[in-house]
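Note sheet for the following structure.
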Amino acid sequence: MIKLTKEPINTEVILQNLEDKSTGGVVLFLGRVRDHANNKAVTKMDYDAYPKMAEGKLAEVEAETQKRWPVKKIIIVHRYGSLELGDVSVAVAVACAHRKDAFEACRFAIDTLKATVPIWKKEYFKEGSGWVDGVMPTMKQAGDKTTLQ
Amino acid sequence: MIKLTKEPINTEVILQNLEDKSTGGVVLFLGRVRDHANNKAVTKMDYDAYPKMAEGKLAEVEAETQKRWPVKKIIIVHRYGSLELGDVSVAVAVACAHRKDAFEACRFAIDTLKATVPIWKKEYFKEGSGWVDGVMPTMKQAGDKTTLQ
Amino acid sequence: MNITLRFFGQLRELTGKQEHEMTVKDNILIEDLEWLLGQRFPQIKEHLETSSFSINEEYVSRNAKVNAGDIVGILPPISGGAE
Amino acid sequence: MNITLRFFGQLRELTGKQEHEMTVKDNILIEDLEWLLGQRFPQIKEHLETSSFSINEEYVSRNAKVNAGDIVGILPPISGGAE
């Protein structure tokens, strides 16, 4: 399941939706708004998205992760809009029979998401603000590193 | 924080206790009772522990993980007693400034826990039961693989 | 032919535009559109080289052809998620 | 001297004992205690080789010395957590 949303991310609901008696290992990653960046205090963070395209890319991340690992359940939620310090901006949760797969699949999913999903961050400092330096999106997944020319 | 308990593990409370505005990456691992083992249906699972020693080893896992990675918060909870299918038996949650560290630290903590903490599982099947084959505990952490002679 | 441009992140701020209709020659290549954009919006010229382009919500390379009615996204380097 | 044994997991089931007081010669080594246990509890003899020992809640090797009043744990291979 994938979701792009302006609402707060509810980790409790994510873990409930991940319940599955056939899976022994669950790995949940949460990305949160941090109070500092490059030794400067951050006060809040805006996330800009290309919503329809971001949803398509999130779905690709989900499909590619399921293709590469024996994933029983996967939930990817990304928030956008204006976030406060400590707010969860992204959640990736994976349930597998074994923990090794769950760790690897979750790591792959968040790394691939970061490399492909069109979302931009703007940091606000006590004085001023700035768009966060990012990466050129990869054509496909993090697996092949072909950068768009 | 470490805890060995007979009570159900509350993941919501764990995530609340992991809140920290200086950390951008959180990784939570949950181990759950699975409905199958070696192609046999499991109906429930008993966990036996050497409580005082297990608590000491959990504290060592916590300390060693903090020594090796820049971990801001770490919570390790292991349950013992009689568990039903789907019940969470172990939770390891780590918060770091960056996600790479959070993934590695969480993985190290659960792997080391499995190799050192004196806990035993007994599986119940439709017919019969059996203690789960385990590993010889390592003297120290998973890092050095010295098995006790 | 007419196409629709969409700007994101810093490019949206610099152009002051979220969406922009533009008339271009038929079957223009993205690389030629990139040059045109540098003329039309000089304030983003230096950012175009490190930006990516999408046509109808799919990343495309610089030699992709644009068709009439296409929605072309101009995407600065992405920075979603957390480090 | 007197020591206290603690059995866990399968060993507890096989011996039917959780705790067991035992009188042994002073400063006995774990490896000699292991031999004694095989005599006293033949039903766990085959499991002792793959078991680990603890003294007062710390893993010890086979050549560790046991002191009067020590609590000696006999621990079969551990299997905590999930795979």
Side-chain angles (χ1 to χ4, degrees), chain A residues 4 29-34 36-38 45-61 76-80 83 87-92 109-123 129-140 146-149, chain C residues 3-21 28-35 37-38 41 43-67 69-83:
Chain A
L4 181 74
F29 170 78
L30 301 177
R32 301 193 293 207
V33 179
R34 217 171 45 204
H36 65 282
N38 303 320
M45 188 93 84
D46 280 354
Y47 285 75
D48 187 21
Y50 188 166
K52 198 176 157 191
M53 186 167 171
E55 283 170 1
K57 294 295 150 194
L58 287 174
E60 282 180 22
V61 171
I76 306 176
V77 186
H78 209 305
R79 190 176 167 192
Y80 68 115
L83 275 70
D87 280 355
V88 174
S89 59
V90 58
V92 177
I110 181 64
D111 287 351
T112 308
L113 182 159
K114 290 257 310 166
T116 59
V117 179
I119 290 178
W120 299 269
K121 297 194 289 195
K122 185 176 185 179
E123 293 165 332
S129 62
W131 290 91
V132 178
D133 280 341
V135 296
M136 297 274 279
T138 51
M139 214 30 128
K140 293 287 272 177
T146 329
T147 301
L148 285 172
Q149 296 306 323
Chain C
I3 60 173
T4 304
L5 303 176
R6 285 204 184 145
F7 296 100
F8 293 94
Q10 191 166 17
L11 301 183
R12 172 150 66 191
E13 274 190 2
L14 289 170
T15 59
K17 287 175 191 301
Q18 176 154 6
E19 224 172 86
H20 182 70
E21 305 284 325
I28 189 171
L29 295 182
I30 289 288
E31 62 185 348
D32 296 326
L33 179 62
E34 179 183 357
W35 183 85
L37 289 171
F41 301 102
Q43 68 272 38
I44 64 168
K45 195 167 183 200
E46 60 168 321
H47 296 286
L48 287 170
E49 201 184 328
T50 56
S51 292
S52 305
F53 286 79
S54 66
I55 296 180
N56 302 329
E57 281 89 33
E58 280 299 333
Y59 292 118
V60 293
S61 65
R62 290 300 201 265
N63 52 16
K65 241 179 238 171
V66 186
N67 293 308
D70 277 353
I71 295 167
V72 177
I74 302 105
L75 318 174
I78 60 179
S79 58
E83 259 161 53

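Protein chains get the first letters and strands the later ones, always in sequence-line order, with residue 1 at the start of each.
- For A/A49, the part sitting under 4.5 Å from any heavy atom of chain C is the backbone (N, CA, C, O) and nothing else.
- Contact of the A/W131 side chain with the C/E13 side chain is registered, since non-hydrogen atoms from C-beta on lie closer than 4.5 Å.
- Here the side chains of C/F8 and A/P118 are not in contact, with every heavy-atom distance at 4.5 Å or above.
- Interface residue A/D133: only backbone heavy atoms are found under 4.5 Å from chain C.
- Heavy atoms only, all atoms of each residue included: C/E49 and A/M136 are closest at O-CE, 4.4 Å.
- Annotation for A/M53 and C/E57: closest pair CG-O, 3.4 Å, computed over non-hydrogen atoms.
- The contact between A/K52 and chain C is made by backbone and side chain atoms together, counting heavy-atom distances below 4.5 Å.
- Shown here for C/P77 and A/G134, the closest heavy-atom pair between the two residues is CB-C, 3.5 Å.
- A/W120 places a side-chain N or O within 3.5 Å of a backbone atom of C/P76 that can act as its donor or acceptor partner.
- The environment of NZ in A/K122 is crowded: more than 12 heavy-atom neighbours from other residues, nucleotides or ligands sit within 6.0 Å.
- C/I78 and A/V117 get closest at one heavy-atom pair: CD1-O, 3.5 Å.
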